[in-house]
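Let me begin by presenting the structure, written as structure tokens, before commenting on it.
Numbers restart at 1 for each chain; the letters A, B, ... are given by sequence-line order, proteins then strands.
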There are 2 protein chains.
Amino acid sequence: MNSSRITFTLNELVYVLNSAADRHLRANFDLTYSQFLFLVTLMSQNKPTPSFLAECLGVSRAAVSQRLPWFQDRELVTVSRVSGNEKNLSLELTRKGEALATQSADFLEKEFRVLFQNTDSVDLDDLDKTLRRVKQLLFRNRELRNAA
Amino acid sequence: MNSSRITFTLNELVYVLNSAADRHLRANFDLTYSQFLFLVTLMSQNKPTPSFLAECLGVSRAAVSQRLPWFQDRELVTVSRVSGNEKNLSLELTRKGEALATQSADFLEKEFRVLFQNTDSVDLDDLDKTLRRVKQLLFRNRELRNAA
DNA sequence: CATAGTTTGTCAAGTAGTTAACATCCATGA
DNA sequence: TCATGGATGTTAACTACTTGACAAACTATG
């Protein structure tokens, strides 16, 4: 078969899903999808440095540095120095930020459950497993390991 | 299961694949992945208007309009008016543009075949079919139909 | 201890997209 | 026929990223 066809299919599917997530988040939480990812990723870590968060998000340190003021202005994230360490910053969700991250994640989860409820003919657990398998297999490849 | 997990898996897989494609294209053809998509999409249509090409690429008309000079400067694409139609422009690959699109697509196809050659334990045809099925099913949903 | 190297965070400049506004061209129907 | 409405292509201003350069702060080694 045409082996690049599957990459197009994947891209299309991801586009549809991310667009849906973005619309839900904008409509209900005044949040873009990428702002949502920022908050959720930050929540999943324990007071990360900007540098580490950048790595988790797959963007540059500069990108995180530039976006921080937006979250600080809205009192969603606090930036602090750890005493005895003049070099690294420490990022943390505020109570408000944590509430927003949790609520929006729960909401999205519920929406996707509805979205997927009619896909009876497809075993989604199975599909997830297969996709992870493919990712793992591709990852064995030295070229790809360097990318991520 | 956590139904949003699959969306993360999909995003990660797409990121890995697109990064690999981008690196191959830059290294071998001085082309970014999105420039490649521009050329390949243009090639797959018969002298489309910028507006139609934008729709195919899933970007705005403004984006296509802004990028056209880059391709014209490199003599990869010609922009012309159809006589008797003062409104629409007509886009076409030059001979050089067509050669580049064809060669880079063939190259990428070959590389992905190598990449996928060790995924014996996964039936990629089957996976592609399943992904298309999921996309179809989600598409039934009125909300998503409006997005794409 | 000094110093050479590494990591971090930020800034500046560049790229690729967006939306909104606009002029222009074409089609359509009163 | 002509006025109006819709689609097209361009521009301007904005957003979110990139890379490269940099200073400051740590780390490790002679």
Side-chain angles (χ1 to χ4, degrees), chain A residues 11 14-15 18-19 21-23 25-26 30-39 41-42 45 47-74 77-92 147-148, chain B residues 11 14-15 18-19 21-23 25-27 30-39 41-42 45 47-74 76-92 147-148:
Chain A
N11 271 285
V14 163
Y15 177 77
N18 290 356
S19 301
D22 192 68
R23 259 174 306 116
L25 289 166
R26 283 177 195 267
D30 258 314
L31 220 51
T32 67
Y33 184 54
S34 98
Q35 286 157 359
F36 166 77
L37 287 181
F38 192 104
L39 292 177
T41 306
L42 177 46
Q45 303 297 332
K47 304 192 182 183
T49 63
S51 178
F52 182 67
L53 182 59
E55 196 181 327
C56 293
L57 288 168
V59 301
S60 65
R61 282 174 290 141
V64 168
S65 179
Q66 283 159 351
R67 294 184 66 185
L68 273 176
W70 190 94
F71 294 96
Q72 288 179 281
D73 291 350
R74 282 154 188 79
V77 170
T78 54
V79 179
S80 54
R81 300 203 105 85
V82 180
S83 71
N85 180 340
E86 288 301 307
K87 189 187 181 190
N88 294 345
L89 298 177
S90 162
L91 305 181
E92 195 175 6
Chain B
N11 271 285
V14 162
Y15 176 77
N18 291 356
S19 301
D22 192 68
R23 259 174 307 115
L25 289 166
R26 283 176 195 268
D30 258 314
L31 220 51
T32 67
Y33 183 54
S34 96
Q35 286 157 357
F36 166 77
L37 287 180
F38 192 103
L39 292 176
T41 306
L42 176 47
Q45 303 297 331
K47 303 191 183 184
T49 63
S51 178
F52 182 68
L53 182 60
E55 197 182 326
C56 294
L57 289 168
V59 301
S60 65
R61 281 175 291 141
V64 168
S65 179
Q66 282 160 351
R67 295 184 65 185
L68 273 176
W70 190 92
F71 294 97
Q72 289 180 280
D73 290 350
R74 282 156 188 76
L76 300 171
V77 171
T78 55
V79 179
S80 54
R81 300 201 106 86
V82 180
S83 70
N85 180 338
E86 287 301 307
K87 188 187 179 190
N88 295 343
L89 297 177
S90 163
L91 305 181
E92 196 175 5

- Would you classify B:Ser60 as touching base, sugar-phosphate or nothing, given that sugar-phosphate means primed atoms plus P, OP1 and OP2, and contacts are heavy atoms under 4.0 Å?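 Since a base atom lies under 4.0 Å of B:Ser60, the category is base.
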- A:Ser65 side chain near C:dG9 phosphate (N/O to OP1/OP2, under 4.0 Å):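 No.
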- D:dA16 phosphate, OP1 or OP2, under 4.0 Å from A:Arg67 side-chain N/O: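 No, outside the criterion.
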- Query: Mapping B:Ser51 and A:Glu86 onto DNA chain D by nearest heavy atom, which one lands closer to the 5' end?
  - Reply: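 Final value for this comparison: B:Ser51.
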- Item | Residue mapping more 5' on DNA chain D - nearest nucleotide basis, A:Asn85 or A:Thr32 |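 Here A:Thr32 is the residue nearer the 5' end.
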- Message: Within the supplied structure, the quantity of interest is the number of heavy atoms (other residues, nucleotides, ligands) at a distance under 6.0 Å from A:Glu55 CD; does it exceed 12?
- Response: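 Atom CD in A:Glu55 is not crowded, with 12 or fewer foreign heavy atoms closer than 6.0 Å.
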- Query: Does CG belonging to B:Asn85 count more than 12 external heavy atoms closer than 6.0 Å?
  - Reply: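 Yes.
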- Between the base of C:dT7 and the side chain of A:Lys87, is there any donor-acceptor pair under 3.5 Å?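 Looking at the base of C:dT7, it does pair with a donor or acceptor on the side chain of A:Lys87 (distance under 3.5 Å).
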Select one nucleotide: of [options], the one nearest the side-chain heavy atoms of [X].
X       : options               : answer
B:Leu89 : D:dT18, D:dG9, C:dG9  : D:dG9
A:Ala63 : C:dG9, D:dC17, C:dG17 : D:dC17
B:Gln66 : C:dG9, D:dA13, D:dC17 : D:dA13

How many whole angstroms separate atom [atom1] of [X] from atom [atom2] of [N]?
X       : N      : atom1 : atom2 : value
A:Arg81 : D:dC26 : CZ    : P     : 9 Å
A:Leu57 : C:dG9  : CG    : P     : 14 Å
A:Asp73 : D:dT15 : CG    : P     : 13 Å
B:Arg61 : D:dT10 : CZ    : C1'   : 10 Å
A:Asn88 : C:dT6  : CG    : C1'   : 13 Å
B:Trp70 : D:dT10 : CH2   : P     : 18 Å
A:Leu68 : D:dT15 : CG    : P     : 17 Å
A:Leu31 : D:dA16 : CG    : P     : 11 Å

- Query: Does the A:Arg61 side chain pair with the main chain of A:Ser51, one donor and one acceptor, at a distance under 3.5 Å?
  - Reply: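 Absent.
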- Item | Donor-acceptor contact below 3.5 Å, side chain B:Thr41 vs main chain B:Leu37 |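 Judged by distance alone, yes, a pair lies under 3.5 Å.
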- Message: Out of the candidates A:Val77, A:Val79, A:Leu91, A:Thr78, only one should pair with A:Phe71 under the side-chain contact (heavy atoms from CB on, under 4.5 Å) rule; please name it.
- Response: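 Only one of A:Val77, A:Val79, A:Leu91, A:Thr78 forms a side-chain contact (heavy atoms from CB on, under 4.5 Å) with A:Phe71, namely A:Val77.
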